[in-house]
Colleague: 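For reference, the structure I am asking about is given below.
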Amino acid sequence: METLLVEAEEKLEEKGFLDLDINPELDLFEEIERLKREKNAVVIAHYYQEPDIQDIADYIGDSLGLSQQAAKTDADIIVFAGVHFMAETAKILSPQKKVLLPDLKAGCSLADACPPDLFARFKARYPDHVVISYINCSAEIKALSDYVCTSSNAQKIIEAVPPDQKIIFAPDKNLGSYLIRKTGRDMVLWEGACIVHEIFSSEKILKLKNRHPNAKVIAHPECETPVLQLADYIASTTGLLKYAINDPAQEFIVATETGIIHQMQKAAPDKVFIPAPPDNGCACNDCPYMKRNTLEKLYLCMEYELPEILVPEDVRILAKKSIDRMLEISALHGL
Ligand code: 13P
Ligand code: SF4
């Protein structure tokens, strides 16, 4: 896999793509729309992308919605405005399509926290366990798994496993602990975490709640337990968005990446959305990986059809089995 990344980067440098200046007079929105039409390309974006990218996307969603979209699109090119594991999932599901990621370095701390060789050794210590992996992991980890899940279907996936079957859950220990509390299942956890969601400060959220007593705290399950204990509602990004739109409260303290607030504000312009404060000096809880993608890089990647995401076929076939199981269970539950 590393080799494929290096090859893709070399190809980019060969083309001089990394140093290209874009004519400042170009209307990138128009250019991207033109490229979509000319190349039969679809732009799918995660809620954590910058607002301009969300606005130009054909589909915006959480990890489950994006993988469902990638599986069913009839476009020739999928431009994945998200991070590497998401684009890889799209390629696993739609190998005949070209999958592009605007910035090859848009990774994920959770995926990085679970190297396949170490995970294979860890797994070997628990031969009677099945592996459920959170979609935020590499294709190799998915290939070593029995089921994939996202934050919106994880509970249903765990409940689909017979109650006496032992489970390893990887790579997110915070989501894993939350699911142990939710399902009562005693799972073995891999010790990974999301650098964005583990940074929120429960003390600062409490102080904020004192100043906004009517605000509801909504949190993503990748947050640490003390933050989740303060939450009025816990769900995936799509779940949080729906709740913020439909709940009668007028103010929300949002404990997830700030990108989602763009959609919340668009759907409910009269409500107030306050980003939960992180436990550091700055007030920033943007995902540095998600925010590597820009409108300029999106345009360049569509114009030059690079960087392209590739997955070795043997890994793809194994990884697809565990993703397909997730999609089947999700469909059974109308998710
Ligand atoms: P969801 O989009 O599934 O809520 O996951 C959030 C996330 O951290 C994606 O990287
Ligand atoms: Fe990974 Fe966290 Fe960024 Fe999502 S928000 S891509 S889990 S680092």
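Atoms within each ligand, like the ligands themselves, are counted from 1 in listed order. Basis for what follows: all heavy atoms, side chains included, without hydrogens, waters or symmetry-related copies.
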Colleague: I'd like to check which ligand 1 atoms, numbered from 1 as shown, lie under 4.0 Å from a non-hydrogen atom of Asn136.
Modeller: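 Ligand 1 atoms under the 4.0 Å threshold to Asn136: 8 (O), 9 (C), 10 (O).
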Colleague: Please list the nearest protein heavy atom to atom 2 (O) of ligand 1 with its residue and the distance rounded to 0.1 Å.
Modeller: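 Result for atom 2 (O) of ligand 1: His46 NE2, 2.6 Å.
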Colleague: Describe, in one word, how the ring planes of Tyr243 and Phe252 are oriented to each other, choosing from parallel (under 30°), tilted (30 to 60°) and perpendicular (over 60°).
Modeller: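 If you compare the ring of Tyr243 with that of Phe252, the planes turn out perpendicular.
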Colleague: Backbone or side chain, does any N or O of Asp62 fall under 3.5 Å from an N or O of ligand 1?
Modeller: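 N/O-N/O distance below 3.5 Å does not exist for this pair.
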Colleague: Could you confirm whether Cys194 has any N/O/S atom lying under 2.8 Å from atom 3 (Fe) of ligand 2?
Modeller: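 No, outside the cut-off.
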Colleague: Under 4.0 Å from ligand 1, counting heavy atoms only, is it the side chain of Glu257, its backbone, both or neither?
Modeller: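 No part of Glu257 is near ligand 1 at this cut-off.
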Colleague: Within ligand 1, which atoms have a heavy atom of Tyr134 less than 4.0 Å away?
Modeller: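 In order of numbering, the contacting atoms are 5 (O).
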Colleague: Show which atoms of ligand 2 fall inside a sub-4.0 Å distance from at least one heavy-atom site of Leu110.
Modeller: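 With Leu110 as reference, the close atoms of ligand 2 come out as 7 (S).
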Colleague: Please determine, by modelled atom types, if Thr238 and Asp62 share a side-chain donor-acceptor pair under 3.5 angstrom.
Modeller: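 Distance-only check passes for Thr238 and Asp62.
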Colleague: Taking the ring of Trp190 and the ring of Phe169, is the distance between their centroids below 6.0 Å?
Modeller: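 Judged by ring-centre distance (under 6.0 Å), Phe169 and Trp190 do not meet the cut-off.
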Colleague: Need the ligand 1 atom indices (1-based, order shown) with element for anything under 4.0 Å from a heavy-atom of Ser151.
Modeller: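 Close to Ser151: 1 (P), 3 (O), 4 (O).
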Colleague: Below 3.5 Å, N or O to N or O, backbone or side chain included: is there any such pair between His197 and ligand 1?
Modeller: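 No.
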Colleague: Between His212 and Glu251, is any side-chain donor less than 3.5 angstrom from a side-chain acceptor?
Modeller: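 Per modelled atom types, His212 and Glu251 side chains form a pair under 3.5 Å.
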Colleague: Could you check atom 3 (Fe) of ligand 2 against the protein and tell me its nearest heavy-atom contact, residue, atom and distance included?
Modeller: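 Going by distance alone, atom 3 (Fe) of ligand 2 is nearest to Cys287 SG, 2.4 Å.
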Colleague: Is there a nitrogen or oxygen of Ser63 sitting under 3.5 Å from a nitrogen or oxygen of ligand 1?
Modeller: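 Right, the criterion is met.
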Colleague: Counting from 1, what ligand 1 atoms have a heavy atom of Ser236 closer than 4.0 Å?
Modeller: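 Under 4.0 Å from Ser236, ligand 1 has these atoms: 4 (O).
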Colleague: Mind checking whether Thr150 has an N or O less than 3.5 Å away from an N or O of ligand 1?
Modeller: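 There is no such contact.
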Colleague: Under a 4.0 Å N-O cut-off, is there an ion pair linking Arg34 with Glu30?
Modeller: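 No, this pair does not count.
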Colleague: Please could you name the atoms of ligand 1 that Glu222 approaches to less than 4.0 Å, counting only its heavy atoms?
Modeller: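 Answer for ligand 1: 6 (C), 7 (C), 8 (O).
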Colleague: Between Lys98 and Asp76, does any NZ, NE, NH1 or NH2 come within less than 4.0 Å of an OD or OE carboxylate oxygen?
Modeller: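 Lys98 and Asp76: not salt-bridged.
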Colleague: Which residue and non-hydrogen atom of the protein lie closest to atom 7 (S) of ligand 2, and at what distance in Å?
Modeller: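 For atom 7 (S) of ligand 2, the nearest protein heavy atom is Asn136 ND2, 3.1 Å.
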Colleague: State plainly whether the residues Asp247 and Lys242 are in salt-bridge range, i.e. N to O under 4.0 Å.
Modeller: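 No, Asp247 and Lys242 are not salt-bridged.
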Colleague: Looking at atom 1 (Fe) of ligand 2, what's its closest protein heavy atom, distance included?
Modeller: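 Among all protein heavy atoms, the one nearest atom 1 (Fe) of ligand 2 is Cys108 SG, 2.4 Å.
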